[in-house]
Amino acid sequence: MSQPTIESILNEKRQFPPSEEFSKNARIKSLEEYQALYDQAAANPEQFWEQLAEKELHWFKKWDKVLDWQPPNAKWFVGGQMNISYNCLDRHLTTHRKNKAALIWEGEPGDSRTLTYAQLHREVCQMANVLKDMGVKKGDRVGIYMPMIPEAAVAMLACARIGAAHTVIFGGFSAESLKDRLVDAQAKLVITADGGWRKESIVALKEQVDKALELGASSVEHVLVVKRTGQEIAMTPDRDQWWHELQPTASANCPAEPMDSEDLLFILYTSGTTGKPKGVVHTTAGYNLYTHVTLQWTFDLQETDVYWCTADVGWITGHSYIVYGPLSNGATTVMYEGAPRPSNPGCFWDVIEKYGVTIFYTAPTAIRSFIKMGDQHPNARDLSSLRLLGTVGEPINPEAWIWYAHVIGGDRCPIVDTWWQTETGGFMITPLPGAIATKPGSATRPFPGILAEIVDLDGSPVPANEGGYLVIKHPWPGMMRTVYGDPDRFRRTYWEHIAPKDGHYLYFAGDGARCDEDGYFWVMGRVDDVINVSGHRLGTMEIESALVSHESVAEAAVVGKPDEVRGEAIVAFLSLENGYEPSPELEKALKQHVVNEIGALARPTEIRFTEDLPKTRSGKIMRRLLRNLAAGEEIAGDTSTLQDRSVLDKLRSGG
Ligand code: 6R9
């Protein structure tokens with residue numbers, strides 16, 4: 001099995017057109033139909049989105065203006081009022097969907113729950129009322145630190161319902177990371193659970209919240225705790241409340257607050273190129289419309305589909321495509337608390353068989369780990385309910401794509417490889433499965449309304465098949481609006497790397513890509529200091545800051561190296577303070593230190609001690625060389641700017 005290298009992807013020429021059967025029943029049935037939508041949207045994006053906003057969503061008040069674009073600040077549906085929780089719940093209750101399954105949940109220990117639209121609406125209203133009673137008001141921020149249980153979705157929708165912005169923090173983050181995010185967002189309340197399942201063990205979530213508050217998350221006044229794992233936890237009187245004690249008496253009547261289109265919906269923190277994660281800001285109406293339409297067309301949603309996205313709600317994929325996109329469409333969305341592990345390698349396939357999942361959406365890293373676990377697990381289950389597959393998070397190597405299509409999809413299901421980001425809100429480059437022939441390893445063509453291009457640093461388009469920077473030329477409704485509390489960073493990070501072209505601002509995604517002669521995009525990966533481990537974005541600077549905060553570390557440089565299953569693995573090069581010597585114990589302690597500072601997802605795979613790091617004459621660490629070293633490759637390119645060549649020689653010889 002190999003990683004997507006330039007060679008393997010350049011040599012990939014296979015094409016998979018949709019079957020006639022699939023296209024015939026699809027929402028968008030042909031390349032011509034896609035092209036017509038694309039052309040119409042490109043000619044007049046505002047009109048394109050306006051028509052969809054009218055047709056697809058409920059509005060309390062119509063907008064005055066579709067787009068107000070003062071680069072880099074976009075406002076969509078200015079003057080309009082709506083509520084995404086209303087669009088996800090209330091409007092389905094007057095239809096045949098009232099008693100349709102909204103959320104099917106499968107727990108790690110084998111328990112399960114199904115909530116119909118009416119039941120989900122009821123719980124959301126109850127939690128919204130509890131939040132109000134606990135002092136949460138429109139405009140406040142609420143932290144959500146939860147396992148994958150229905151209450152995570154209930155909490156998000158309850159916040160949206162009363163106009164409080166949520167910031168979901170992935171349950172794998174440490175107390176320290178949780179604290180940083182709660183402080184940055186100035187969260188007033190945190191919704192958590194006693195614990196969550198991680199494979200066979202329990203993660204003590206509430207304990208982490210207690211620690212985060214001790215560490216200085218002083219804006220937090222109250223904590224609402226859902227009982228999940230049942231272990232003994234500390235409850236601070238007046239500050240902490242149990243959900244199961246408040247729910248029974250909470251009123252199920254809570255009308256959705258009319259929100260302005262551009263009111264803050266949520267903040268989601270993501271890694272960037274500095275040590276401090278950025279709070280990506282998404283607002284109400286544009287995000288609702290964008291996730292709604294992209295899901296409907298890309299996953300060709302039909303009324304009877306059972307749709308399962310395996311992401312965690314702590315990431316953007318969970319926000320857009322477990323909770324908001326599916327529910328806004330009135331679909332049935334599956335949520336699974338477990339994870340494949342040696343003792344239960346077939347658990348995903350059991351879920352598909354048990355619920356008759358028709359659409360399955362997962363990540364390349366998961367696919368590669370299934371390949372390792374063996375075909376016997378999926379082969380022993382009935383996967384014939386599946387009709388469409390998706391992937392997201394990193395480039396998929398053609399070999400994994402082919403395996404997915406064959407072993408999981410039975411050569412019958414189209415694969416949608418969706419390229420997008422926390423910042424984009426929803427899918428940007430993706431096949432529409434009834435219309436676009438797929439090529440393994442390519443996310444294919446831009447979604448209608450998305451004007452994507454590959455350019456050089458001056459913003460000039462590069463010729464077909466040449467590598468360059470992936471940019472977007474026109475605003476779209478789901479785009480991030482700013483970095484929370486730091487508009488300057490927003491401008492610098494996304495809008496100033498590439499020069500504006502002919503007065504047009506270009507959104508810089510941070511990815512390198514090429515576009516082939518058929519207009520298909522091939523995303524190659526990050527071009528900045530962000531690495532992608534198992535589909536999770538991590539800033540190398542974040543991990544370096546964590547390492548140098550340890551007393552023994554003088555200097556640290558972190559790079560990614562290719563990894564068969566995870567895509568990239570974390571390698572840290574360290575020099576130590578005087579008085580410290582490299583040892584296996586210190587290595588272990590340093591790895592644990594990173595886990596404490598950031599979370600288990602950032603644990604370095606490898607630590608290499610060195611006397612000095614290779615630097616340029618101006619003192620910049622030459623990461624390019626370290627990447628070569630970590631991968632065991634020849635040092636590529638120019639090394640003439642290196643300050644001291646002997647550093648490199650020592651590193652090569654392992655010293
Ligand atoms: C949705 C999500 C975004 C980064 C992005 C890119 C990589 C995501 C991809 C892909 C190639 C795909 N990425 N999908 N690369 N093909 N289909 O993953 O958001 O966590 O913000 O990561 O992930 O490098 O820039 P996020």
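Predicted model, so just to flag it, every value in this text is computed and none were measured. Atoms within a ligand are numbered from 1 in the order they appear, just like the ligands themselves.
- Applying the ring-ring contact (aromatic ring centres under 6.0 Å, His included) test between W297 and each of Y38, Y34, Y290, F447 identifies F447 as the sole match.
- With a 4.0 Å cut-off on non-hydrogen atoms, A443 does not touch ligand 1 at all.
- Under 4.0 Å from ligand 1, heavy atoms of T422 appear from its side chain as well as its backbone.
- Every atom of ligand 1 is numbered from 1 in the order shown, and the set under 4.0 Å from a heavy atom of V392 is 1 (C), 14 (N).
- The residue V530 has no part lying near ligand 1, judged by heavy-atom distances below 4.0 Å.
- At a cut-off of 3.5 Å, with distance as the only test, a side-chain donor of Y494 or E423 sits close to an acceptor on the other residue.
- At the top of the distance list for atom 5 (C) of ligand 1, counting protein heavy atoms only, stands D511 OD2, 3.2 Å.
- Considering only non-hydrogen protein atoms, atom 12 (C) of ligand 1 sits nearest to E394 O, 3.6 Å.
- To the nearest 0.5 Å, the span separating CD1 on I267 from CE on M480 amounts to 11.0 Å.
- Residue D417 has at least one nitrogen or oxygen atom sitting less than 3.5 Å from a nitrogen or oxygen atom of ligand 1, judged on distance alone.
- In this structure, W420 is part of the shell of residues with a heavy atom less than 4.0 angstrom from ligand 1.
- Counting heavy atoms under 4.0 Å from ligand 1, residue I396 does not touch it at all.
- The contact set between ligand 1 and I316, taken as ligand atoms under 4.0 Å from a residue heavy atom, comprises 1 (C), 19 (O).
- With ligand atoms numbered from 1 in the order given, ligand 1 contributes 7 (C), 23 (O) to contacts under 4.0 Å with heavy atoms of N532.
- Between T317 and ligand 1, no pair of N/O atoms sits closer than 3.5 Å.
- Within the 4.0 Å heavy-atom shell around ligand 1 one does not find G510.
- Atom 11 (C) of ligand 1 has as its closest protein heavy atom P395 N, 3.1 Å.
- Atom-to-atom distance recorded for R623:CZ and E544:CD is 4.0 Å, nearest 0.5 angstrom.
- A donor-acceptor contact under 3.5 angstrom links the side chains of N288 and S328, judged on distance only.
- Neither side chain, Y361 nor T317, offers a donor N or O lying under 3.5 Å from an acceptor on the other.
- If you look at Q421 next to ligand 1, the close heavy atoms, those under 4.0 Å, come from the backbone and the side chain alike.
- In the vicinity of V523, heavy-atom distances shorter than 4.0 Å reach the ligand 1 atoms 11 (C), 15 (N).
- Here is the list of ligand 1 atoms found below 4.0 Å of a heavy atom in R537: 3 (C), 20 (O), 21 (O), 22 (O), 26 (P).
- Between R526 and ligand 1, at least one pair of N/O atoms sits closer than 3.5 Å.
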- Message: Could you go through D180 and Y269, starting from their C-alpha distance and side-chain angles, then the distance that decides it, and tell me whether this counts as side-chain contact (heavy atoms from CB on, under 4.5 Å)?
- Response: CA-CA 10 Å; D180 289 344; Y269 288 85; over 6 Å; no
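- In this structure, G393 is part of the shell of residues with a heavy atom less than 4.0 angstrom from ligand 1.
- Side-chain contact check for R141 and Y484: at least one donor-acceptor pair (N or O, by modelled atom type) lies under 3.5 Å.
- Residues F490 and K278 have side chains not in contact (no heavy-atom distance under 4.5 Å, counting atoms from C-beta outward).
- Between S320 and Y287, the side chains place a donor N or O and an acceptor N or O closer than 3.5 Å (distance only, hydrogens not considered).
- Side-chain atoms of W105 come within 3.5 Å of backbone atoms of M148 as a donor-acceptor pair (strictly under, hydrogens ignored).
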